[in-house]
Amino acid sequence: MKAPEPIADLELLIEDFKRSGLRELHGRYGALEIYLSQDANAPGLDGLRQQVSAAPAAVAASAAPAPGGHASAPAAPAAAAERAWPAGATVVRAPYLGTFYRAPKPGAAPYVELGASVAADSELCLVEVMKLFTAVRAGAAGTIAEVLATDGELVQGGQPLFVIMPG
Amino acid sequence: MAISRLFIANRGEIALRVLRAAQGLNLETVIGVSDADRDSMAARLADRRLMLGPGPAAKSYLDARLVVQAAKASGCDALHPGYGFLSERAELAQLCDDHGIVFVGPQAATIAAVGDKLRARELAAAAGVPLVPGSGEIASAGDARRMADQIGYPVLLKAAAGGGGRGMVIVNGPDEIEAGFHKASAEALAAFNDGTLFMERFVPEARHVEVQLMGDGAGKVIHFGERDCSVQRRYQKVIEEAPCVAMPADLRTQLHASAVGLAASVNYRNAGTAEFLYDVLRGEFYFIEVNARIQVEHPVTEMVTGADLVQQQLRIAGGEGLSLTQDQVTLTGHAIECRINAEDPARDFAPSPGTITRWQPPEGEGIRLDTHISEGASIPPFYDSMIGKLIVHAATRDAAILRLTGALDAFEVEGVPTTIPLHRAILREERFRANAIHTRWLEQDMFAAERPAAE
């Protein structure tokens, strides 16, 4: 291992970082610690140390919304779960915490679009957790009235994903 | 060594394993991590940490261009891919070559050749390695029927581009062949974007045996003995052992020679594993595939040989060639590894991301734990569920089982369910203790016996 030359390295590092398109860089050379970010609102080194890594909630045992949330997850689920649904609506929920996919594979057409008619056994989306994919079915025949999650988003167990109205 | 700064293109326990091996050789370490792993143990212990992108692997660990860009931007002269993720993508090895970064693994062309199972079979056949009776490409259901009549039922339809059990269908008789062909083809297409199939005779009682290889890229290859990975669930290894004491010594010698011959025939570079199926009833072994990377279960080999396989990988990448001769590789005792996953065995192995609230691992003579977990660690939902590997070493298989039983009993984990109770149950099974198992034993016999008849 060659002895680190922090200051000379630093200038090169900043140049490389600018060109790389990376969003953040955090490094340590002995006593020197550096944090670079493309984001003007980045927390900085102190912020980084204070940042508590909010862990994803454990999978809920039932379809009830799991408590807590993941750092990168949108804050929507708790509020959405509170909302009143139109009479006769079927709300399709995430079976567990995971990543929501609207298409069977990347680049493919979504399983369903807004306004599509579906049968009770129609597959609407995939939820993936730890490489395990589960196809989520409509559960009732009708029309897709709302799509409540975005492709690639982390959803909580029990989070509403689709609203189906009869007819 | 000709390399001085290593980029670690992986996460979890293997990132930490590579990091420690690199530190042992006085290499600087840089790790690329996703947002979900920013506080992981490997990220904290590396000399530098780069944020690759958000949690989902497609936008971080699986983006080859991003990974190589990060390695280049951080001045790394070598890259270790670990296992999984990009480790067996020829594209990554090629990108490293293009950017003057030493790829710690085989040449891109070798990865591409052995990654195509039909090509790999051809290479094995050319090297005189026994193959399970099988076919070339199967283009239609009619083809499948003709081939199956020739090979004899039951047969196994497999995806040419496959792995991990996807696109794999067992066909028991002529009435199932047509549906089986269409199912396997559709699965292969969905999983690998390539519906190409081939067929093999299905061996009902098979053990999974694999040989650890290391090559210098110039035709010299040595082996580090074999591993037995016959305890499997859904084609995923659950427990691995070294050596395979169920196999007679003369057959093991033939197995090693076959594996070395195959690797030498392609001037294999760096670490690899040749996987075989051992037909217990016939007493024969057949080639399955070559895995062009370090494997999850490499520690059992390290325990019985005393070699540090990841350091060997780095030395070869650094231009030092093989640092051992075949004669210097000797086997001592027996090692067993169990994979500890954040899954709930009581709920059909439901993946269980969450936070570890208590982590009290066993310690003692002959006990090794490869893990990135400590108390308070979070297990993100984006990646596979393995949180650690518990490995024991003892003089004999029986002694190793005893030691592993004690270690599992002492292992305290809270916060998420784990597969520790499954391992304890397996170790209590008479068939496992008598070493009279095969690759479908766990699901077909042990799980079936636990379930009520109604299921």
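Throughout, protein chains are lettered first and strands after them, A, B, ... in sequence-line order, and every chain is numbered starting at 1.
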Would you please go through residues 137-145 of chain A and name the residues with a non-hydrogen atom below 4.5 Å from one of chain B, in numerical order? none
Just checking B:K72: does its NZ atom have more than 12 heavy atoms from other residues, nucleotides or ligands closer to it than 6.0 angstrom? no
Which portion of B:A190 sits near chain A, non-hydrogen atoms under 4.5 angstrom: backbone
Part of B:N341 within contact of chain A (heavy atom distance under 4.5 Å): neither
B:E375 meets the salt bridge (charged side-chain N to carboxylate O under 4.0 Å, His left out) criterion, sequence neighbours left out, with none
So which residue, A:K105, A:K131, A:M130, ends up with the most heavy-atom pairs under 4.5 Å with chain B? A:M130
